Amino acid sequence: MDIKYGITQALSLDVTFNTDFSQVESDRAVINLSRFPFFFPEQREFFLEGANIFSMSFGRRNNLYYSRNIGLSGGNEIPIVTGLKLVGKAGNFDIGVLDVQTSSKHGEPTTNFGVARVKYNIFDQSYAGIFFSNKVSSSGFNNVFGADILLKTSSFLKNKNLTFGFKVAKTNEKKAKRNTWAARVFLDYPNDLIDQFMSYSFIQKNFNPEIGFISRTGIQSINYNLDISPRIDFHSIKKIEFSPISSNFQFDKDNTLLSAFLRFKPFGFSTIKGDRFSFEINRTFDYVQEDFEVFDNNFIRKGKYWFTSYQFNLNTARTRNFFGRIRYKTGNYYNGNIKSIRGSLTWSANAHLSIASDITRNNITLNNLSFVTNEYSTRLTYDFSTKVNSSIFTQWNNELNELNMNYRIKWEPKVGSNFFLVINHLLSTEGKLRTKDFTILAKVVWLITI
């Protein structure tokens with residue numbers, strides 16, 4: 001059961017009991033060619049609504065709040081007994097409060113997750129905020145305290161945009177540890193002709209927000225990006241895009257270089273309709289301190305690596321009936337070579353039918369051995385009417401060697417009430433094609449307004 005109550009026009013309360021997410025589409029299976037965790041986006045509706053209010057980012061995907069740590073563990077669903085979420089505005093405050101209780105399953109004890117985020121809006125575009133999260137179970141506790149400030153103006157040098165941000169956080173656990181701080185400071189000058197961004201951040205070794213997502217700890221990170229985009233309005237070309245430098249450097253606490261990424265974009269452009277093209281030269285450094293497997297018993301050996309790659313990017317405007325993107329990369333990859341192509345194509349046939357497909361293929365040579373990774377997916381969506389829609393999503397890659405097919409049909413007889421029919425079919429493609437899992441489920445959601 002789910003209950004939604006409008007406390008005010010701008011502040012709403014959601015309460016959920018024995019929550020069911022059976023209609024949610026399968027995650028996209030990916031081949032991860034790095035040694036760091038992959039970020040999977042949230043798909044569950046209860047956590048999606050108002051998610052931006054809880055966010056407190058430390059750059060890239062690093063965030064103190066990552067809702068997929070709630071009700072999921074090791075790819076398994078952990079049942080949610082009850083949950084409460086309060087999101088919205090009250091005067092000059094943006095408020096987000098979340099409390100979820102999960103049951104014990106798959107080796108996880110019954111656990112309480114709590115998150116609170118408050119931002120006070122100052123001036124026209126700025127805010128000061130605080131963040132708190134707490135995870136408690138029989139095995140211990142983990143909490144996070146954070147604070148941030150964002151100062152933003154659109155009248156710098158009369159008519160330019162300028163943003164300054166600072167944030168800091170600390171984690172605490174049952175077994176007290178040192179080096180549990182993280183902080184970030186940045187300055188952004190995002191304007192039409194010149195776009196500059198610079199930041200410094202550190203994440204100490206024992207910084208551990210268990211309701212968050214942190215890809216790497218024990219690092220200092222320095223970023224500087226400069227993009228120059230003059231408007232030329234030449235025929236259909238709107239802007240020329242040039243990036244002299246886009247950089248990220250990561251060091252350990254002793255200032256030893258751990259990784260570096262340098263990008264030089266000598267040429268790019270965007271059109272009036274929204275098409276974009278660019279050519280990039282990328283220079284990468286990685287200090288690998290332990291061997292790690294990338295794919296099918298192929299390993300990156302420990303050592304220090306500098307390597308260069310070249311990349312072409314083309315994105316066409318989504319306003320077209322056919323639109324898509326393609327990225328081609330070639331060059332060095334650690335002590336070997338890589339040729340990579342990633343593309344997608346969507347056909348909006350009419351108001352009812354659309355078909356989207358994408359492909360990722362990597363030809364890699366490492367340690368004088370060659371291998372290929374392949375990922376394919378297709379999504380067909382058909383809307384019978386404004387109240388009845390259906391979709392088929394299929395995916396396959398040559399790491400899992402599984403064909404995953406997900407069919408969903410949704411009927412909305414009235415606003416807020418739905419009927420779902422979902423069919424999941426998982427097949428192994430190793431040797432003979434065989435079914436590994438097959439599920440059919442029906443779900444009815446009925447809205448009662450009091």
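Since the model is a prediction, treat every value here as computed from it, not as a measurement.
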Close side-chain approach of [X] to [Y], heavy-atom, < 4.5 Å:
| X | Y | answer |
| --- | --- | --- |
| Ser12 | Tyr5 | no |
| Phe132 | Asn143 | yes |
| Ile80 | Phe17 | no |
| Leu345 | Ser357 | no |
| Ile70 | Leu72 | no |
| Asn367 | Asn298 | no |
| Asp99 | Gln101 | no |
| Ile219 | Phe251 | no |

Going by atom types only, do [X] and [Y] share a side-chain donor-acceptor pair under 3.5 Å?
| X | Y | answer |
| --- | --- | --- |
| Asn223 | Ser247 | no |
| Ser55 | Ser57 | no |
| Lys238 | Thr271 | no |
| Trp347 | Ser354 | no |
| Ser377 | Asp358 | yes |
| Ser259 | Gln250 | yes |

side-chain hydrogen bond (donor to acceptor under 3.5 Å, both in side chains) between Thr180 and Asn206, intermediate numbers included:
CA-CA 5 Å; Thr180 57; Asn206 294 318; over 6 Å; no
Check ion pair [X]-[Y] (N to O, under 4.0 angstrom):
| X | Y | value |
| --- | --- | --- |
| Glu412 | Lys414 | no |
| Arg216 | Asp252 | no |
| Asp20 | Arg44 | no |
| Asp275 | Arg318 | no |
| Glu25 | Arg408 | no |
| Asp192 | Lys239 | yes |

About how many Å separate OG of Ser309 and CZ of Arg283, when rounded to the nearest 0.5 Å?
10.0 Å
Rounding to 0.5 Å, atoms CG (Asn208) and OG1 (Thr171) come to a distance of 6.0 Å
Considering the options Asp227, Asn225, Asn282, which one meets the side-chain hydrogen bond (donor to acceptor under 3.5 Å, both in side chains) requirement together with Ser246?
Asn225
Between side-chain atoms of residues 325-333 and protein atoms elsewhere (two or more places apart, or another chain), which donor-acceptor pairs fall under 3.5 Å?
unit_1, atom_1, unit_2, atom_2, d
Asn332, ND2, Asn337, OD1, 3.2
Tyr333, OH, Leu33, O, 3.2

Under the criterion side-chain hydrogen bond (donor to acceptor under 3.5 Å, both in side chains), I'd like the reasoning laid out for Thr365 against Ser370: C-alpha separation, chi angles, the key distance, then a yes or no.
CA-CA 4 Å; Thr365 301; Ser370 298; 3.2 Å; yes
Do Arg117 and Asp148 pass the salt bridge (Lys or Arg N to Asp or Glu O under 4.0 Å) test, and can you show the C-alpha distance, the side-chain angles, and the key distance before you say yes or no?
CA-CA 11 Å; Arg117 178 77 160 123; Asp148 63 336; 2.8 Å; yes
Residues in salt bridge (charged side-chain N to carboxylate O under 4.0 Å, His left out) contact with Glu45, at least two apart in sequence or another chain
none
Could you pull out every donor-acceptor pair under 3.5 Å between side chains of residues 284-294 and any protein atom, sequence neighbours left out?
unit_1, atom_1, unit_2, atom_2, d
Asp286, OD1, Arg35, NH1, 3.4
Asp286, OD1, Arg35, NH2, 3.1
Asp286, OD2, Arg35, NH1, 2.8
Asp286, OD2, Tyr334, OH, 2.6
Asp291, OD1, Lys302, N, 2.7
Asp291, OD2, Arg301, NH1, 3.3
Glu293, OE2, Asn297, N, 2.6

Pair Ser428, Glu402 - check side-chain hydrogen bond (donor to acceptor under 3.5 Å, both in side chains), show working.
CA-CA 5 Å; Ser428 171; Glu402 293 176 346; over 6 Å; no
Output, in order, the C-alpha distance, side-chain angles, deciding distance and verdict of salt bridge (Lys or Arg N to Asp or Glu O under 4.0 Å) for Glu49 and Lys4.
CA-CA 12 Å; Glu49 187 178 356; Lys4 180 180 286 289; 3.2 Å; yes
If you count the non-hydrogen atoms of other residues, nucleotides and ligands that lie under 6.0 Å from CG in Asn52, is the total more than 12?
no
For Phe267 and Phe279, I'd like to know if the aromatic rings sit close, meaning centre-to-centre distance below 6.0 Å.
no
Below 30° counts as parallel, above 60° as perpendicular, anything between as tilted: where do the rings of Phe47 and Phe21 land?
tilted
Between Phe277 and Phe312, what is the ring plane arrangement, given parallel below 30°, perpendicular above 60°, and tilted in between?
tilted
